[in-house]
S.K.: 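Let me give you the structure first, and then I'll get to my questions.
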Amino acid sequence: PPGRIAGFLGMLISRYPGWIWGGTVALTIFSAAVMLVRYSPDILETDTSKLRDRRSMEKGSVYNAKYQDQVFQRYLSPLVIMPRKPEEAIEIASRLKEIQRVEGKQTQIASVQTIDDFLPRDQREKIRVLQEIEKLLPPRILKELSPADRRRVDAFFKPECFKEVKVQDLPELIRDRFTELDGSFGNLVVVEPPLRSRGNWEGNQLMHFIGQLRSTADAVAPGAPVAGALAVTADILLAISHDGPRATIFAVLAVVLLVISLFRHFETAALTLLSLFIGMIWMGGAIFGFWLKINFLNFIALPITFGIGVDYGVNVFQRYMQEGSDNITAVIRNTGGAVMLASLTTIIGYGSLLIAGNQAFVSFGKLAVLGEITCVTAAILSLPAYLVWHSKRVARRRARRSGR
């Protein structure tokens, strides 16, 4: 039971505060060193295949996608660039095709299409050539042809063969592909990545690919949107890599300001925040030590841990201030037991995510449980040990001074 465990911890803290605090300092320094040595931007998870549901990868939609690729031989969720004018769409497509040609096999562009690609090129010149060929075939030559050849010639020179093919003449299936919801037509550029490309899963390549499409589109039609599932994924990864550290720092500062405003005394606030900072450093050391990558879902566990972790330290410290160092065992048994119980229920809730099929949820559960363990340990073990050790140290100094 949490009460008995807390009572045992209180006994250890009252007897060996120096050893416990010394171990805390050593572990904190080691964790900080691990963070400094192993820090790398690669801690951000960019392989989106590791964020999918395991069942989907093994026998679900992702697994079946390879068979769809074999049937359709094309990417079924293409990207769409949306300029405002058809001529802008043609120019953007032309530039992307040039990039595709220059990059060769390394390109992430498998296909670029506008509605113009489905219309025959140089129709007027071709019709004029057909008309000239028709004039060069006198009736006497046509009469000498076999019936089969005559039918071919007649089919070749039908009246409709001398008419230009307009957009309206294209099949509805093609026209729908380039029609927007508001009825606008012909303004879209459809871009397909290669089938079975790792770039569709690898975040860094994906962000480069989407950035390439946007820069090309902006050079012709500034602000032209690039829509599609891959674009959304790239934006999420970019947002986490750019805004994630800022949001984390903001969360820490918000917690610090809240504690300062609550206690309105620097030393008291610093001691209250001590356990949180220790828990944060331990958590960071474990993340980099075991290389637990951060993604757009488990990133949320960081600010949540800061908010919950500081609450543990506040409860323990306030009870300590009321009871004093002589009653540390009672403090840990009562308040520490309640804190452990609260943390245990949270750990059980987060722990249920560890058996989830979705790998992103599993990663969230790992970080959340890790943060709970480090923060509650710092709150009910390290912080009280420091308070008792510091109190005894001050008492010894006073005794030496009075002895003089």
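Computed from a prediction, not measured in an experiment: that's the story for all the values here. In this chain, numbering begins with 1 at the start of the sequence shown.
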S.K.: Are the side chain of Thr248 and the backbone of Gly244 linked by a donor-acceptor contact shorter than 3.5 Å?
M.R.: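 Flag set: sc Thr248 to bb Gly244 pair under 3.5 Å.
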S.K.: For Gln359 and Glu45, does a side-chain donor sit closer than 3.5 Å to a side-chain acceptor?
M.R.: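 No, no side-chain donor-acceptor contact under 3.5 Å.
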S.K.: Indicate yes or no for a side-chain donor-acceptor contact from Thr305 to the backbone of Ala301 under 3.5 Å, with no hydrogens or angles considered.
M.R.: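 Answer holds: yes.
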S.K.: With salt bridge (Lys or Arg N to Asp or Glu O under 4.0 Å) as the test, would you mind laying out the steps for Arg177 and Glu192 before giving the verdict?
M.R.: CA-CA 13 Å; Arg177 184 178 176 86; Glu192 297 180 14; 3.1 Å; yes
S.K.: Consider side chain to side chain donor-acceptor pair (under 3.5 Å). Of Thr28, Thr377, Thr24, which one does Ser382 pass it with?
M.R.: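 Only one of Thr28, Thr377, Thr24 forms a side chain to side chain donor-acceptor pair (under 3.5 Å) with Ser382, namely Thr24.
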S.K.: Does CD in Glu132 sit with more than 12 non-hydrogen atoms of other residues, nucleotides or ligands closer than 6.0 Å?
M.R.: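 Correct, the count exceeds 12.
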S.K.: Is it true that, when you exclude Tyr16 itself, more than 12 heavy atoms of the residues, nucleotides or ligands shown sit nearer than 6.0 Å to its OH?
M.R.: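 No, OH of Tyr16 has 12 or fewer neighbouring heavy atoms, counting only those of other groups under 6.0 Å.
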S.K.: Between Asp149 and Arg152, is the salt bridge (Lys or Arg N to Asp or Glu O under 4.0 Å) condition met? List the steps.
M.R.: CA-CA 5 Å; Asp149 290 338; Arg152 293 193 186 97; 2.6 Å; yes
S.K.: Students often mix this up, so state it plainly: with edges at 30° and 60°, are the rings of Tyr386 and Trp21 parallel, tilted or perpendicular?
M.R.: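 Aromatic pair Tyr386/Trp21 classed tilted.
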S.K.: Answer yes if the side chains of Thr114 and Asp116 hold a donor-acceptor pair under 3.5 Å, and no otherwise.
M.R.: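 No, Asp116 and Thr114 have no side-chain donor paired with an acceptor closer than 3.5 Å.
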S.K.: With distance as the sole criterion, is a donor-acceptor pair present between the side chains of Thr107 and Gln100 under 3.5 Å?
M.R.: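 Their side chains do not contain a donor-acceptor pair, so the 3.5 Å distance test is not met.
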S.K.: Can you list every pair that meets ring pair (Phe, Tyr, Trp, His ring centres under 6.0 Å) and has a residue in residues 356-379, with sequence neighbours left out?
M.R.: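 For residues 356-379, and leaving out neighbouring residues, the ring pair (Phe, Tyr, Trp, His ring centres under 6.0 Å) pairs sorted by first residue read Tyr350-Phe364.
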S.K.: So, Thr335 versus Asn315: side-chain donor-acceptor pair below 3.5 Å or not?
M.R.: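 Distance-only check fails for Thr335 and Asn315.
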